[in-house]
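Below is one structure; the comments refer to it alone.
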Amino acid sequence: MLIKEMTATQCRQFLVRMDFGRLGCVHDNHPYVVPIYFAYEPDRLYGFSTLGRKIEWMRSSPRRGRRGH
Ligand SMILES: Cc1cc2nc3c(=O)[nH]c(=O)nc-3n(C[C@H](O)[C@H](O)[C@H](O)COP(=O)(O)OP(=O)(O)OC[C@H]3O[C@@H](n4cnc5c(N)ncnc54)[C@H](O)[C@@H]3O)c2cc1C
């Protein structure tokens with residue numbers, strides 16, 4: 001399968017159609033990926049979570065994704 005990089009526009013069009021995905025975060029070089037539901041509006045993703053490992057790991061390493069790409 002040939003994998004091509006998606007443009008920013010294609011990424012946004014894809015997110016409009018989606019309400020489910022995988023959230024990945026990292027702590028001390030250990031990756032952690034969990035399924036979550038989300039809602040998308042331009043340049044924002046909204047989700048719901050109770051406090052747990054993924055929230056604690058994201059707060060301990062609060063790098064944002066690239067914006068404007
Ligand atoms: C189809 C699907 C959709 C999901 N959507 C979401 C979502 O929108 N938001 C979200 O936060 N999680 C969602 N989950 C669960 C998510 O994938 C994680 O397993 C869960 O959030 C625990 O992550 P944590 O790092 O907080 O774990 P932990 O730190 O291990 O757990 C934190 C707290 O969450 C509780 N918990 C752990 N697993 C679950 C679970 N599967 N359901 C309910 N409570 C749990 C624990 O008992 C604990 O109180 C979804 C799972 C599936 C399979």
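Just so you know, ligand 1 is whichever comes first in the structure, and atom 1 is the first atom listed for that ligand. Throughout, residue positions are numbered sequentially from 1 according to the sequence presented.
In terms of protein heavy atoms, atom 34 (O) of ligand 1 is closest to Thr50 OG1, 3.4 Å. Nearest to atom 28 (P) of ligand 1 among the protein's heavy atoms is Arg53 N, 3.9 Å. Atom 21 (O) of ligand 1 has as its closest protein heavy atom Lys54 NZ, 2.7 Å.
Remark: atom 48 (C) of ligand 1 lies closer than 4.0 Å to no protein heavy atom. Shown here, atom 25 (O) of ligand 1 is in close reach of the protein: a heavy atom of it lies under 4.0 Å off. For atom 30 (O) of ligand 1, no protein heavy-atom neighbour is found at a distance under 4.0 Å. Using a 4.0 Å threshold on non-hydrogen atoms, atom 5 (N) of ligand 1 counts as touching the protein. Counting only heavy atoms, the protein never gets under 4.0 Å from atom 37 (C) of ligand 1. Within a 4.0 Å radius of atom 42 (N) of ligand 1, the protein contributes no non-hydrogen atoms. Within a 4.0 Å radius of atom 16 (C) of ligand 1, the protein contributes at least one heavy atom. Under the 4.0 Å distance rule, the nearest protein heavy atom to atom 45 (C) of ligand 1 falls outside the cut-off.
Leu45 and Tyr37 sit in two unconnected hydrophobic clusters of ILVMFWY residues. Membership requires side-chain heavy atoms under 4.5 Å apart, directly or through other members. The same ILVMFWY cluster, assembled from side-chain heavy atoms under 4.5 Å apart, contains both Met18 and Met6.
Residues Arg59 and Leu51 form a side-chain contact, since some pair of their non-hydrogen atoms from C-beta on lies under 4.5 Å apart. Contact check for Met58 versus Leu23: side-chain heavy atoms found under the 4.5 Å cut-off. Using a 4.5 Å cut-off on side-chain heavy atoms (C-beta onward), Val26 and Trp57 make no contact.
In this structure, Ile55 has no heavy atom closer than 4.0 Å to ligand 1. Residue contact check for ligand 1: Pro35 places a non-hydrogen atom closer than 4.0 Å to it. Proximity of Phe20 to ligand 1 is established by a heavy-atom distance of less than 4.0 Å.
Residue Tyr37 holds the heavy atom nearest to atom 3 (C) of ligand 1 of all those in Tyr32, Trp57, Tyr37. For atom 19 (O) of ligand 1, the nearest non-hydrogen atom from the set Leu23, Val34, Val33 comes from Val34.
Heavy atoms of other residues, nucleotides or ligands lying less than 6.0 angstrom from CZ of Phe14 number 12 at most. More than 12 heavy atoms of other shown residues, nucleotides or ligands fall within 6.0 angstrom of atom CZ in Phe20.
Each of Ser60, Ser49, Cys25 was checked for a side chain to side chain contact (heavy atoms under 4.5 Å, CB included) with Ile55, and the lone residue meeting it is Ser49.
In Phe48, the part holding a heavy atom less than 4.0 Å from any atom of ligand 1 is the backbone.
Atoms of ligand 1 found under 4.0 Å from any heavy atom of Ser49 (numbered from 1 in listed order, with element): 11 (O). Numbered from 1 in the order shown, with element, the atoms of ligand 1 that lie under 4.0 Å from a heavy atom of Leu51 read 32 (C), 33 (C).
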>> Before you tell me yes or no, could you show the steps for Tyr32 and Lys54 under side chain to side chain contact (heavy atoms under 4.5 Å, CB included), namely the whole-Å CA-CA distance, both residues' side-chain angles and the distance that decides it to 0.1 Å?
In response: CA-CA 7 Å; Tyr32 182 50; Lys54 62 184 176 313; 3.8 Å; yes
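Separation of atoms SG (Cys11) and CD (Glu5) is listed at 8.0 Å; rounding is to 0.5 Å. Note that CG of Leu15 is 12.0 Å distant from CD of Glu41, once rounded to the nearest 0.5 Å. Between Phe38 atom CZ and Arg22 atom CZ the span is 10.5 Å, to the nearest 0.5 Å.
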